[in-house]
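Written out below as structure tokens is the structure these notes cover.
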Amino acid sequence: MSRRTRRRAGGMTVGGASQPVEAATAAFVPDALSIAPRHLEVGGDFLATMAITGYPREVHAGWLAPLLTYPGRVDVAVHVEPIDPVTAANRLRRQLSKLESGRQLGDEKGRLVDPQVEAATEDAYDLSARVARGEGKLFRLGLYLTVHATSESELADEVAAVRALAASLLLDAKPVSYRSLQGWVSTLPLGLDQVRMRRTFDTAALSAAFPFTSPDLPPADPTSLAPTGVFYGLNVASNGLVHWDRFGDVDNHNAVILGRSGAGKSYLVKLELLRSLYRGIEVHVVDPEDEYARLATAVGANYLHLGADGVRINPFDLPIQTTPDGRRTAPRDALVRRSLFLHTVIAVLVGQLTAAERAALDVAITATYQAAGISSDPRSWGRPAPLLADLAATLAASEEPAAVALGARLHPFTAGAFSGLFDGPTTGRGDGHLVVYSLRDLAEELKPIGTLLVLDAVWRRVSNPADRRPRLVVVDEAWLLMRQPAGADFLFRMAKSARKSWSGLTVATQDTGDVLASDLGKAIVTNAATQILLRQAPQAIDEITQVFDLSQGERQFLLSADRGQGLLAAGAQRVAFHALASQAEHALITTNPAELAAGPHNGDDDGFFDLAAPDDPADPDGQIYLDPA
């Protein structure tokens with residue numbers, strides 16, 4: 001039988017004036033409270049309270065954390081009351097006297113030694129010595145759990161699950177029968193312990209019991225309930241939502257994503273890209289394997305297919321920028337910057353240059369621009385830029401042997417098999433909310449230079465001071481560029497300068513050895529405020545552990561992580577998560593050959609795909625059919 005209590009608001013007098021408290025308390029006080037022997041019904045919410053009566057003999061730091069990460073709603077209350085030293089010493093002496101008397105009585109009667117009594121005696125002696133030396137104090141601790149549910153049957157299931165979780169921690173959870181109201185009050189933030197089921201703890205055990213740590217990332221604004229940033233997935237430890245804002249209050253907007261082949265690296269990159277577009281962030285992508293084609297088509301992106309007929313990028317183009325009112329501007333040192341960049345381009349094309357070749361190249365670049373009518377006068381910079389073939393002709397006409405030899409080394413890229421990318425002016429414009437540069441049809445020998453030219457074209461856009469907006473630059477399979485010292489150096493400079501242009505560089509690669517093998521690669525990693533590590537190979541885990549200062553638990557997690565699971569390191573915070581995509585997002589970003597061959601892409605009943613537990617492709621629910629084109 002339960003009794004039901006309804007609140008009745010009265011009045012109160014403040015400063016001689018009476019004012020009703022109904023409106024002030026309406027948001028905090030339930031309309032009705034129904035009290036049953038083992039549970040309460042509070043405003044339609046069913047809840048039950050349990051008290052912890054049994055504890056493990058030894059505990060470790062954060063041993064109550066599993067109670068905080070329970071997926072249901074559980075209120076955990078810890079009541080601590082200090083015991084004065086005199087009382088603590090007297091109680092310890094009485095306890096030791098009882099234990100020793102029991103041991104002596106057992107010895108006199110010839111009984112076998114009780115292991116539990118022996119262990120308790122040793123613990124009591126140790127605790128008494130530490131208290132006497134002032135190394136610790138004694139406290140009374142009360143631990144209570146209040147479980148919430150929407151119905152009485154659901155409450156029974158939740159209570160059973162929480163008791164099982166407590167039992168796995170060697171905690172004995174007992175319901176506070178016929179004191180359900182007192183139990184609920186004891187778990188409210190009032191500091192009232194009306195159950196008073198206490199256990200004596202020393203300082204070390206009490207400090208380990210404080211559940212003040214959480215595996216979830218702290219919100220950027222604790223006063224706001226709405227999450228900010230991009231939703232990455234679910235927290236592995238707590239099943240909480242993992243949101244991260246790369247353009248928030250961080251040192252820079254760069255990110256590095258490292259993972260072995262098949263770990264879900266490109267999937268995560270595309271998922272972040274798509275959700276960044278939802279937020280109005282402009283994105284530029286260097287796509288080496290044509291994996292972004294379906295996504296680009298679906299969102300109306302500007303898709304530039306390098307290697308196709310008629311698609312070219314001229315490295316001699318000057319960084320001329322257009323203001324919103326249509327005026328064309330350029331930096332004062334635009335010609336000098338372009339000449340220095342051409343040194344990097346030639347080094348990536350033909351390899352490292354000798355001092356004589358660099359000197360000859362510098363003279364030839366200036367002569368080539370002058371032959372096209374472009375000089376140091378900014379008024380001449382609007383004229384058509386020369387081509388790589390013009391530079392090769394200038395080198396060949398030189399009297400310097402080093403220049404002639406360098407011109408001959410450029411022949412494959414000006415008139416040979418690899419000339420298609422450079423044999424004309426630049427085609428296509430790199431503007432739009434999403435711009436994808438596909439490098440799949442480029443020859444392997446041209447992919448490093450193709451990546452470099454694309455990055456240069458992207459950088460000219462994102463560094464335009466007349467058009468500031470948040471932008472992301474994604475370099476997928478960055479190891480192609482990192483193999484070239486000149487390309488790695490350009491990527492490093494971009495990582496250092498992106499923040500000043502309100503841009504973030506995303507470097508994703510599966511070959512972590514190439515990235516971490518050089519000082520420039522390590523510098524790129526350290527200049528990324530957001531670092532995501534997916535499943536790693538055993539051969540690379542030692543270097544990953546050293547560079548990212550991983551703990552043993554994080555190391556083992558990366559070795560055994562499922563597909564789509566990873567470790568997000570954001571500043572001082574680290575969280576293990578697994579990526580979660582909606583059904584429509586999965587259909588656009590998946591590269592699973594089996595799913596692409598089958599045509600439809602299916603998801604869970606809730607419309608989400610869990611990478612850690614992929615669904616059966618044969619599931620007919622919620623199919624999405626893609627255009628074969």
Side-chain angles (χ1 to χ4, degrees), residues 28-30 33 35-40 42 45-70 72-92 94-95 120 123-124 127 130-131 135-149 155 158-159 161-215 238:
F28 304 100
V29 181
L33 178 64
I35 304 176
R38 291 198 175 189
H39 73 272
L40 297 175
V42 183
D45 186 20
F46 291 81
L47 52 91
T49 302
M50 293 174 288
I52 303 299
T53 59
Y55 294 84
R57 180 171 180 264
E58 295 182 359
V59 295
H60 56 82
W63 62 285
L64 289 180
L67 295 177
L68 299 181
T69 60
Y70 180 73
R73 182 182 172 187
V74 177
D75 298 333
V76 181
V78 180
H79 293 268
V80 180
E81 179 184 346
I83 303 176
D84 66 273
V86 176
T87 304
N90 292 333
R91 290 186 177 183
L92 283 174
R94 286 199 299 267
Q95 185 68 20
D123 292 343
L127 180 58
R130 284 190 282 114
V131 171
E135 297 178 358
K137 295 183 178 181
L138 294 185
F139 301 86
R140 296 186 186 94
L141 181 138
L143 179 58
Y144 310 106
L145 312 176
T146 296
V147 183
H148 296 253
L155 179 63
E158 289 292 325
V159 168
V162 172
R163 293 189 69 177
L165 174 61
S168 68
L169 301 175
L170 301 181
L171 297 173
D172 190 8
K174 299 293 186 182
V176 289
S177 301
Y178 297 99
R179 290 191 292 173
S180 53
L181 179 60
Q182 290 83 349
W184 177 49
V185 171
S186 298
T187 57
L188 292 177
L190 302 176
L192 300 176
D193 183 3
Q194 297 189 351
V195 178
R196 300 191 67 80
M197 299 187 69
R198 307 292 187 85
R199 177 70 176 266
T200 302
F201 273 55
D202 67 336
T203 305
L206 179 62
S207 62
F210 276 17
F212 290 158
T213 59
S214 172
S238 66

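- Of all non-hydrogen atoms in F139 and P82, the two that sit nearest each other are CD2-CA, 3.6 Å.
- Expressed to the nearest 0.5 Å, how far CG of L67 lies from CG of D75 amounts to 12.0 Å.
- Considering every non-hydrogen atom in both P56 and L169, the closest pair reads CG-O, 3.8 Å.
- Interatomic distance, CG of L171 versus CH2 of W63, reported as 5.0 Å (0.5 Å rounding).
- Of the charged side-chain nitrogens involved, none lies within less than 4.0 Å of a carboxylate oxygen, so that R140 and D193 do not count as a salt-bridged pair.
- Atom CG of L181 and atom CZ of R179 lie 12.0 Å apart (nearest 0.5 Å).
- Here the rule is side chain to side chain contact (heavy atoms under 4.5 Å, CB included) with L143, and of V80, L64, T53 only L64 fits it.
- Closest approach of A51 to V176, counting heavy atoms only: CB-CG1, 3.9 Å.
- L47 contributes atom CG, which lies 6.5 Å from atom CH2 of W184 (distance to the nearest 0.5 angstrom).
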- prompt: Where do V74 and V162 land on the side-chain contact (heavy atoms from CB on, under 4.5 Å) test, with the steps shown first?
  reply: CA-CA 8 Å; V74 177; V162 172; 3.8 Å; yes
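- No side-chain heavy atom of I52 sits under 4.5 Å from any side-chain heavy atom of D172.
- Considering only heavy atoms from C-beta on, L138 stays 4.5 Å or farther from F201 through its side chain.
- The heavy-atom pair separating A48 from L155 by the smallest distance is N-CD1, 3.9 Å.
- Scanning all heavy atoms of the two residues, the minimum distance from R198 to G142 falls at CD-N, 4.0 Å.
- A distance of 11.0 Å separates CD in E158 from NE2 in H148, rounded to the nearest 0.5 Å.
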message: Could you go through R163 and M50, starting from their C-alpha distance and side-chain angles, then the distance that decides it, and tell me whether this counts as side-chain contact (heavy atoms from CB on, under 4.5 Å)?
response: CA-CA 9 Å; R163 293 189 69 177; M50 293 174 288; 3.2 Å; yes
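- Residues passing the side chain to side chain donor-acceptor pair (under 3.5 Å) test with T187, sequence neighbours excluded: T146.
- Looking only at side-chain heavy atoms (C-beta outward), L145 and T49 stay at 4.5 Å or farther from each other.
- Side chain to side chain, Y144 and Q194 fail the donor-acceptor criterion of an N or O pair below 3.5 Å.
- Relative ring orientation between F46 and H39 is described as tilted, the plane-to-plane angle lying within the 30° to 60° band.
- The shortest side-chain heavy-atom distance between P175 and V159 does not fall under the 4.5 Å cut-off.
- Of the possible polar contacts, one joining the H79 side chain to the S186 backbone as a donor-acceptor pair under 3.5 Å is found.
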